[in-house]
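To start, the structure itself, in structure tokens.
Just the heavy atoms: all of them, side chains too, but no hydrogens, waters or symmetry mates, feed the values below.
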Amino acid sequence: MHKTPLDVLLSQIEAKYKVEVTDLRIGDETLKIAQLADFEGTIEKLVEQDRFSLEDLPLWAKVWESSFVLASFLGKQQVLPDRRILEIGAGLGVVGVYAAVKGHRVTISDMNDDALLFARANVLLNGCQDRAEVRRIDWTSPHVPTPYPMIVGSEVLYDRESYPVLVGFLDEVLAPGGTIFLTKNKQLKAPGFFAELVKTFGYKEKVIRLRGPEDEIEVGLYAVRRKAEI
């Protein structure tokens, strides 16, 4: 029996993880998303291992609330045929896939190989491979041939040690006159990132409030541009 590229990807993923494909509603679109069938259970098993480290946690496999905010924001932006959008720290690729479904040209990137497998599967599941490519991009040595006029990312500020590298990466990869849009849960305090950021960039913040199952969640949406271009 002939296997499609999606079949091959899902087989590679299922060799390591228990996977489910679920419907994910964002705005007026319903995405098909391959994700871990038991995220919490996977975390618990990793924590029980003797050689467990924080780097082993598949945080990329969770769809964060801030991803919905960023995806919805991009879905409302005008589609410009010549504009390329780079998503960093994409994880499952939800933000980039949604943007591509809405007509944007997107490069979905992460540094985790397993995340890239899921993202590639999700691009194929939603039939947007003509507008979305998936690439491994390392912030320490990005090798990006052409700068991007827009860079987006949700919940990419969890590693304090990465802040100087991340800001340097953004400065290198953002095209002149370009804009960066980042989202994060307001409960995550990242003063070190913003202290590093304002050495080169200026930013504006908008707070979006989401009603969660138990309480309200506040998500910060940050528009970032180089100081010299504001």
Side-chain angles (χ1 to χ4, degrees), residues 26 31 33 59-60 63-64 66-124 126 128-159 162-184 190 193 196-197 200-204 220-226 229-230:
I26 303 178
L31 305 182
I33 297 296
L59 298 177
W60 51 264
V63 182
W64 302 95
S66 60
S67 296
F68 287 91
V69 171
L70 184 56
S72 297
F73 172 78
L74 291 177
K76 296 173 184 175
Q77 304 308 302
Q78 181 182 3
V79 174
L80 303 177
D82 295 332
R83 181 176 62 194
R84 297 156 54 249
I85 300 173
L86 171 64
E87 182 187 7
I88 61 172
L92 300 176
V94 169
V95 172
V97 167
Y98 181 76
V101 167
K102 301 301 286 185
H104 297 284
R105 292 177 56 210
V106 187
T107 298
I108 300 170
S109 74
D110 204 290
M111 291 185 279
N112 184 284
D113 291 333
D114 288 345
L116 295 173
L117 286 175
F118 275 88
R120 291 189 178 100
N122 288 328
V123 166
L124 293 176
N126 292 278
C128 56
Q129 57 268 30
D130 59 330
R131 294 180 300 282
E133 65 167 345
V134 179
R135 289 184 53 190
R136 186 183 193 278
I137 296 181
D138 186 336
W139 298 346
T140 62
S141 53
H143 300 298
V144 175
T146 306
Y148 287 81
M150 185 183 290
I151 302 173
V152 301
S154 66
E155 300 299 351
V156 295
L157 308 182
Y158 58 88
D159 180 7
S162 72
Y163 292 165
V165 172
L166 174 55
V167 172
F169 167 84
L170 294 173
D171 190 28
E172 180 177 350
V173 177
L174 183 67
T179 306
I180 302 158
F181 293 101
L182 303 175
T183 55
K184 73 173 183 68
F193 170 75
E196 192 71 34
L197 185 72
T200 306
F201 298 94
Y203 69 92
K204 292 183 179 180
L221 170 63
Y222 303 88
V224 181
R225 299 190 67 190
R226 291 188 181 92
E229 298 170 348
I230 295 176

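For the residue pair R83 and Q78, the shortest heavy atom distance occurs at NH2-O, 2.6 Å. Residues E87 and G96 come closest through the heavy atom pair OE1-N, 2.8 Å. The two atoms that bring S154 and T183 nearest to each other are CB-OG1, 3.1 Å, heavy atoms only. S162 and W139 make their closest contact through OG-CZ3, 4.1 Å (heavy atoms, listed as atom of the first residue, atom of the second, distance). The shortest non-hydrogen separation linking G93 to I108 is CA-CG2, 4.0 Å. Between I230 and G202 the shortest heavy-atom distance is CD1-CA, 3.6 Å.
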- Item | Verdict with reasoning, Y98 to L31, per side-chain contact (heavy atoms from CB on, under 4.5 Å) | CA-CA 7 Å; Y98 181 76; L31 305 182; 4.0 Å; yes
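For the atom pair N126 CG and I33 CD1, the distance stands at 5.5 Å (nearest 0.5 Å). Taken to the nearest 0.5 Å, the CG atom of D138 stands 3.0 Å off from the OG1 atom of T140. Atom-to-atom distance recorded for I85:CD1 and R105:CZ is 10.0 Å, nearest 0.5 angstrom. A distance of 6.5 Å separates CH2 in W64 from CD in E155, rounded to the nearest 0.5 Å. For the atom pair CG (L221) and NZ (K184), the distance works out to 11.5 Å, reported to the nearest 0.5 Å. Of the inter-residue distances, the one linking D159 atom CG with L166 atom CG reads 9.5 Å to the nearest 0.5 angstrom.
At least one donor-acceptor pair closer than 3.5 Å links the side chain of E229 to the backbone N or O of G177. Judged by distance alone, the side chain of R131 and the main-chain N or O of K102 form no donor-acceptor pair under 3.5 Å. Judged purely by atom type and a 3.5 angstrom limit, D110 has no side-chain atom pairing as donor or acceptor with the backbone of L116.
The side-chain heavy atoms of I137 and I88, taken from C-beta on, include no pair separated by under 4.5 Å. Contact check for D171 versus F201: side-chain heavy atoms found under the 4.5 Å cut-off. The shortest side-chain heavy-atom distance between L70 and F181 falls under the 4.5 Å cut-off. Within the 4.5 Å cutoff, side-chain heavy atoms of V94 are placed close to those of I26. With a 4.5 Å cut-off on side-chain heavy atoms, L182 and Y203 do not count as touching. Two residues are said to be in side-chain contact when any heavy atoms from C-beta on lie closer than 4.5 Å; L174 and Y148 fail this criterion. By the 4.5 Å heavy-atom criterion applied to side chains, F193 and V167 are counted as neighbours.
For the side chain to side chain contact (heavy atoms under 4.5 Å, CB included) with I180, the qualifying choice from L86, L197, L170, V152 is L170, the only one to do so.
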